[in-house]
Amino acid sequence: AAFGMFLHSMKEVFPESEVYGTELTLSYRRNAYHEYGINLTEEFDYTKQYDLICSYKVAEHQFDVDKYLRKYTECLKPGGHFYISVPTWFGKLNNFGASNFDLEYYYSPNHINVWTRKLLETVLKKVGLKVIKFNDTYYDDTYLCVRDDSLMSGPFEYENYDEMKGNLQ
């Protein structure tokens with residue numbers, strides 16, 4: 001949840017809603033509390049059911065991302081939505097409006113997963129998330145999904161290694 005700005009914006013749009021967020025960085029959690037009155041936790045609460053779960057610029061940093069995405073999917077209320085945004089390779093690369101493209105933003109030592117559109121969409125299917133809206137104009141590749149466990153049986157498409165190698169040359 002970083003320092004709570006997105007959650008604060010959601011609360012302004014949906015004033016009757018309850019918002020929850022996780023953040024590992026203590027200073028960010030403190031900022032969210034003091035600036036917006038939002039109490040962030042270090043761990044996701046898997047005992048709750050949610051109307052909307054957002055994963056914004058997290059999946060590239062997360063070990064076992066498929067396992068976590070499935071756990072999040074299971075926490076969606078019927079009709080709930082999952083929003084995810086990740087930087088992807090071999091698509092439109094942007095740098096949050098900066099004047100020059102910064103390769104370090106995409107190839108960061110903090111990124112343990114490197115996404116292509118096909119790979120992310122395959123992982124979403126494997127965890128039972130159906131894409132209902134897609135946007136690659138803002139903030140790299142952004143998806144709005146709903147739960148659909150029937151997708152988990154495949155078929156799944158993966159990148160062709162030789163094709164990828166050719167893209168890198």
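Both backbone and side-chain heavy atoms feed into the values below; hydrogens, waters and symmetry mates do not.
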Please list, chain by chain and in numerical order, all residues satisfying side-chain contact (heavy atoms from CB on, under 4.5 Å) with [X], sequence neighbours excluded.
{"X": "Cys54", "answer": "Phe6, Leu52, Tyr83"}
{"X": "Thr22", "answer": "Thr41, Phe44"}
{"X": "His61", "answer": "Asn110, His111"}
{"X": "Thr73", "answer": "Arg70, Val127, Leu129, Arg147"}

Considering residues at least two apart in sequence or located in another chain, which fulfil the salt bridge (charged side-chain N to carboxylate O under 4.0 Å, His left out) criterion with [X]?
{"X": "Lys67", "answer": "none"}
{"X": "Lys130", "answer": "none"}
{"X": "Asp45", "answer": "Lys48"}

Step through the shown structure and confirm whether more than 12 heavy atoms of other residues, nucleotides or ligands are within 6.0 Å of CE on Met152.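 Buried by this count: over 12 neighbours within 6.0 Å.
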May I ask you to check whether over 12 heavy atoms, not counting those of Phe134, lie within 6.0 Å of atom CZ?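 Yes.
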Testing the basics here: between [X] and [Y], what is the closest heavy-atom pair and its distance to 0.1 Å?
{"X": "Ile112", "Y": "Phe63", "result": "CD1-N, 3.2 Å"}
{"X": "Ala1", "Y": "Gly21", "result": "CB-CA, 4.2 Å"}
{"X": "Val146", "Y": "Gly80", "result": "CG1-O, 3.8 Å"}

Under a 4.5 Å side-chain heavy-atom rule over Ile, Leu, Val, Met, Phe, Trp and Tyr, are [X] and [Y] clustered together?
{"X": "Leu144", "Y": "Tyr56", "value": "yes"}
{"X": "Trp115", "Y": "Tyr68", "value": "yes"}
{"X": "Val58", "Y": "Leu120", "value": "no"}
{"X": "Tyr33", "Y": "Leu26", "value": "no"}
{"X": "Leu119", "Y": "Val131", "value": "yes"}

Kindly state each residue pair satisfying salt bridge (Lys or Arg N to Asp or Glu O under 4.0 Å) with at least one member in residues 17-29, sequence neighbours excluded.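 Qualifying pairs: Arg29-Glu42.
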Pairs where residues 5-14 contributes a residue and the test salt bridge (Lys or Arg N to Asp or Glu O under 4.0 Å) is met, not counting sequence neighbours: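 Salt bridge (Lys or Arg N to Asp or Glu O under 4.0 Å) check on residues 5-14 returns no pairs.
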At what distance, to the nearest 0.5 angstrom, does [atom1] of [X] lie from [atom2] of [Y]?
{"X": "Ile53", "Y": "Tyr20", "atom1": "CD1", "atom2": "OH", "value": "12.0 Å"}
{"X": "Ile84", "Y": "Asp141", "atom1": "CD1", "atom2": "CG", "value": "10.5 Å"}
{"X": "Cys145", "Y": "His81", "atom1": "SG", "atom2": "NE2", "value": "9.5 Å"}

Do [X] and [Y] come within less than 4.5 Å of each other through their side chains, counting heavy atoms only?
{"X": "Leu40", "Y": "Leu7", "value": "yes"}
{"X": "Val19", "Y": "Tyr36", "value": "no"}
{"X": "Pro87", "Y": "Glu60", "value": "yes"}
{"X": "Tyr72", "Y": "Leu69", "value": "yes"}
{"X": "Val86", "Y": "Asn113", "value": "no"}

Does anything in residues 151-161 form a side chain to side chain donor-acceptor pair (under 3.5 Å)? List the pairs, not counting sequence neighbours.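 For residues 151-161, and leaving out neighbouring residues, the side chain to side chain donor-acceptor pair (under 3.5 Å) pairs sorted by first residue read Thr116-Glu159, Lys126-Tyr158.
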Holding to side-chain hydrogen bond (donor to acceptor under 3.5 Å, both in side chains), I want the full list of residues that pass it with Ser150, two or more places apart in sequence or in another chain.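 Residues passing side-chain hydrogen bond (donor to acceptor under 3.5 Å, both in side chains) with Ser150: Asp148.
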Only counting residues at least two apart or in another chain, list the ones meeting side-chain hydrogen bond (donor to acceptor under 3.5 Å, both in side chains) with Tyr143.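 Only Glu121 meet the side-chain hydrogen bond (donor to acceptor under 3.5 Å, both in side chains) criterion with Tyr143.
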